[in-house]
Novice: 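Pasting in a structure now, in structure tokens, and then I'll have a few things to ask.
Note that these values count all heavy atoms, side chains included, but never hydrogens, waters or copies made by symmetry.
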Amino acid sequence: MVERGLLPDFSREVLDEAAALVEAARPAPSIRDLRALPWCSIDNDDSRDLDQLTVAEPPSGDVVKILVAIADVDALVKRDSAIDRHARTNTTSVYTAAEIFPMLPERLSTDLTSLNADADRLAIVSDIAVGTDGTILRSAVARALVRNHAKLAYDSVAAWLDGTGSLPPAAARVPGIDAQLRIHDTVAQALKRVRHEHGALDLETIEPKVVMRDGNVVELRRVEKNRAREIIEDVMIAANGVTARFLAERGFPSVRRVIRSPKRWDRIVDLARSLGTELPGTPDAPALEAFLVSRRRADPLRFPDLSLSVVKMMGAGEYVAEPAASTSIGHFGLAVRDYVHSTAPNRRYPDLVTQRLLKAAIARGTPPYDLATLGAIATHCTTQENAADKVERQVRKSAAALLLSSRLGDRFDTIVTGASPKGTWARALTPPVEGRIVHGFEGLDVGDRVTVKLVSVDVERGFIDFVR
């Protein structure tokens with residue numbers, strides 16, 4: 001982290017400032033009291049920094065209302081405070097297999113600004129009216145006081161929705177939460193269907209979770225998509241779009257999250273052609289999505305590897321400051337034009353900046369940041385996010401090297417995930433680990449499949465070396 005410009009530790013000034021904080025003030029008359037609504041959170045089993053709550057109203061005709069509450073972190077993290085300066089430096093929490101390095105002190109991120117169960121918290125609430133066809137009909141944004149009545153986890157909610165598990169106890173204790181979850185699922189699937197009709201990409205990359213026991217790496221467990229994860233994913237995409245449009249309507253600039261048209265579209269075309277599909281010569285999201293859907297059906301086992309290849313060729317996301325009146329670059333992968341990051345202010349600095357803009361827009365005040373300042377923040381956040389990704393990836397590779405240290409000489413079926421003058425990398429299918437091809441890499445490109453042999457590992461540096 002230090003080598004990449006990230007701060008692994010909080011200064012004494014930050015810790016003292018956090019220790020002196022007290023819970024945010026009770027709401028003023030302009031802040032709605034929504035604590036009685038049956039809010040719930042759905043997150044990872046071990047998540048303690050809860051940014052989001054959701055609640056749905058029973059359908060009224062062809063309209064369903066979904067409310068999304070985002071923790072009001074700005075209520076306690078004031079701009080240019082010591083805590084804010086640390087957050088502005090790192091811009092993100094760093095999640096490694098060995099340790100979590102939160103963007104905010106835990107007194108905030110897991111307590112005072114976390115939407116914990118049975119705790120009253122200030123929030124920014126997006127009120128979204130969704131048609132049964134998945135179109136967003138209208139929306140509003142306001143400040144509110146909320147209360148999490150059920151802290152739920154992805155896997156147990158998904159098992160219940162799929163009929164393979166019982167209703168989680170935390171949900172069973174709250175009357176009506178079961179119906180809430182059914183409504184959430186229906187709305188999320190409708191929102192997802194509309195996005196995919198517009199060309200949102202049906203990607204499924206491998207995201208291994210390191211399982212440690214007694215200080216040892218015992219498994220790399222693949223995190224599977226499920227219906228509960230899709231609920232949060234699709235509802236939060238909708239909330240981020242609502243936020244972007246609300247700021248634009250109020251004449252405010254914003255920090256947009258964008259993915260430009262793929263830089264290596266020609267290679268995506270070549271990859272599709274090798275699998276029997278012709279794509280247009282220029283970037284075309286709906287055509288790419290149709291190709292991905294067909295490949296998922298034809299070869300579900302290797303679809304994550306194809307997804308990974310496409311992701312590599314599309315290029316990384318970035319933050320960009322945009323004035324209210326501009327035409328947004330948009331997010332190619334999600335097939336949305338208006339998109340900001342606003343739903344995780346406990347762990348991402350762009351979301352906290354967006355929250356400050358939102359609160360000023362709700363109050364019909366002036367923007368707290370000018371466009372030039374937002375531009376500098378956006379550039380820095382992109383840089384630091386990339387740095388954090390590299391740290392997380394390096395620690396994952398160290399964990400993978402530990403796991404493979406007893407398998408020197410073994411052969412693995414792999415897919416090439418990176419090919420440049422800096423080197424050629426490939427990911428094994430089982431276990432899902434990535435290493436460098438140090439010999440026999442000539443002529444390989446992203447998406448190629450190749451059998452390799454493991455020849456060495458360096459745990460401390462996270463190096464895994466293959467030969468063809």
Side-chain angles (χ1 to χ4, degrees), residues 10 13-37 39 41 47-55 67-88 90-93 102-127 140-148 236 239-240 242-243 246-247 250 252 254-255 340-369 377:
F10 295 107
E13 183 183 11
V14 169
L15 294 175
D16 289 346
E17 191 173 274
L21 292 172
V22 295
E23 290 195 39
R26 297 299 87 192
S30 60
I31 297 177
R32 302 169 65 191
D33 188 346
L34 302 179
R35 287 175 292 180
L37 295 178
W39 297 96
S41 61
S47 291
R48 298 170 59 213
D49 50 349
L50 303 180
D51 288 288
Q52 312 139 2
L53 301 179
T54 57
V55 69
L67 279 70
V68 180
I70 304 301
D72 186 351
V73 175
D74 174 66
L76 289 174
V77 180
K78 299 305 180 184
R79 185 178 175 184
D80 294 326
S81 63
I83 296 172
D84 183 64
R85 291 195 299 273
H86 179 97
R88 189 171 62 220
N90 279 13
T91 78
T92 182
S93 294
M103 183 182 78
L104 302 176
E106 289 194 354
R107 175 165 167 73
L108 285 162
S109 61
T110 66
D111 185 8
L112 298 181
T113 57
S114 178
L115 300 177
N116 294 335
D118 303 319
D120 296 343
R121 293 288 184 260
L122 291 173
I124 310 296
V125 173
S126 295
D127 188 330
V141 182
R143 300 183 65 190
L145 186 66
V146 299
R147 186 178 182 88
N148 185 356
M236 295 309 145
N240 283 325
V242 164
T243 297
F246 180 83
L247 290 173
R250 293 290 170 95
F252 274 52
S254 60
V255 175
V340 299
H341 271 172
S342 65
T343 57
N346 273 309
R347 60 184 179 86
R348 285 190 309 227
Y349 196 70
D351 305 54
L352 179 53
V353 169
T354 296
Q355 187 167 90
R356 291 170 177 156
L357 290 164
L358 265 181
K359 290 171 73 172
I362 291 169
R364 297 189 178 276
T366 57
Y369 302 91
I377 290 172

Novice: Mind checking whether R121 and D72 have side chains closer than 4.5 Å, heavy atoms only?
Specialist: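 R121 does not reach D72 side chain to side chain.
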Novice: Between R79 and D74, is there a side-chain N and carboxylate O pair less than 4.0 Å apart?
Specialist: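 No.
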Novice: Which value, rounded to the nearest 0.5 Å, describes the distance between M103 atom CE and D351 atom CG?
Specialist: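 The CG atom of D351 is 7.5 Å from CE of M103, to the nearest 0.5 Å.
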Novice: Given 3.5 Å as the limit, does a donor-acceptor pair link the side chain of R147 with the main chain of W39, or not?
Specialist: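 Answer holds: no.
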Novice: For the atom pair CD (E106) and CG (L15), what is the distance rounded to the nearest 0.5 Å?
Specialist: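 The distance works out to 10.5 Å.
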Novice: Side chains of T343 and N240: does their closest heavy-atom pair fall under 4.5 Å?
Specialist: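 Yes, side chains in contact.
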Novice: What I'd like to find out is whether the side chain of V242 reaches to under 4.5 Å of the side chain of V141, using heavy atoms alone.
Specialist: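 Side-chain contact under 4.5 Å: yes.
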Novice: Any chance you could lay out the side chain to side chain contact (heavy atoms under 4.5 Å, CB included) test for T243 and L358, step after step, and finish with the verdict?
Specialist: CA-CA 8 Å; T243 297; L358 265 181; 3.7 Å; yes
Novice: Under 3.5 Å, is there a donor-acceptor pair between the side chain of Q355 and the main chain of A75?
Specialist: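 No; zero donor-acceptor contacts below 3.5 Å.
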Novice: At what distance, to the nearest 0.5 angstrom, does CG of L34 lie from CG of L145?
Specialist: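 Going from the CG atom of L34 to the CG atom of L145 covers 8.0 Å.
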Novice: CD1 of I83 to CG of L21: how many Å apart, nearest 0.5 Å?
Specialist: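 I83 CD1 to L21 CG: 5.0 Å, rounded to 0.5 Å.
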Novice: Are T91 and R348 close enough that some pair of their side-chain heavy atoms sits under 4.5 Å apart?
Specialist: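 They are not in side-chain contact.
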Novice: Only one of T113, D49, T110 forms a side-chain hydrogen bond (donor to acceptor under 3.5 Å, both in side chains) with N346, so which one is it?
Specialist: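 Answer to the side-chain hydrogen bond (donor to acceptor under 3.5 Å, both in side chains) test with N346 among T113, D49, T110: T113.
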Novice: Write down the atom of R85, the atom of D80, and the distance for their closest heavy-atom approach.
Specialist: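 Looks like NH1-O, 2.8 Å.
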Novice: Got L352 and D84 here, is their nearest side-chain heavy-atom distance under 4.5 Å?
Specialist: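 The answer is yes, as the side chains (C-beta and beyond) meet within the 4.5 Å cut-off.
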Novice: Might you point out which heavy atoms bring S93 and P102 nearest each other, and give the distance in Å?
Specialist: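 Shortest heavy-atom separation between S93 and P102 comes out as OG-CA, 3.5 Å.
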Novice: Does R347 reach the side chain of T92, with side-chain heavy atoms less than 4.5 Å apart?
Specialist: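 SC-SC contact between R347 and T92 ruled out.
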Novice: Would you compute the distance between atom CD1 of I377 and atom OG1 of T354 and round it to the nearest 0.5 angstrom?
Specialist: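 Separation between the atoms: 9.5 Å.
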Novice: Mind checking whether I362 and F246 have side chains closer than 4.5 Å, heavy atoms only?
Specialist: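 In contact.
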Novice: S254: what forms a side-chain contact (heavy atoms from CB on, under 4.5 Å) with it, not counting sequence neighbours?
Specialist: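 By the side-chain contact (heavy atoms from CB on, under 4.5 Å) rule, S254 matches L247, R256, V340.
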Novice: Which heavy atom in S114 sits nearest to a heavy atom in N116, and how many Å separate them?
Specialist: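 Taking S114 first and N116 second, the nearest heavy atoms are OG-OD1, 2.6 Å.
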Novice: Check P367 against F252 and note the closest heavy-atom contact, atom names and distance.
Specialist: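 It is CA-CE2, 3.5 Å.
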Novice: Let me see the working for R143 and V125 under side chain to side chain contact (heavy atoms under 4.5 Å, CB included), right down to the final yes or no.
Specialist: CA-CA 6 Å; R143 300 183 65 190; V125 173; over 6 Å; no
Novice: Hey, what do you get for CG (D111) to CG (L50), rounding to the nearest 0.5 Å?
Specialist: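 One finds 11.5 Å between CG of D111 and CG of L50.
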Novice: Taking all non-hydrogen atoms of both residues into account, name the closest pair between L115 and A69 and its distance.
Specialist: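 Result for this residue pair: CD1-O, 3.8 Å.
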Novice: Show the nearest heavy-atom pair for residues P345 and I70, with the distance to one decimal.
Specialist: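 Nearest heavy atoms, P345 then I70: CD-CG2, 3.4 Å.
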Novice: Less than 4.5 Å apart, any side-chain heavy atom of V77 and any of R356?
Specialist: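 With C-beta onward as the side chain, the pair touches.
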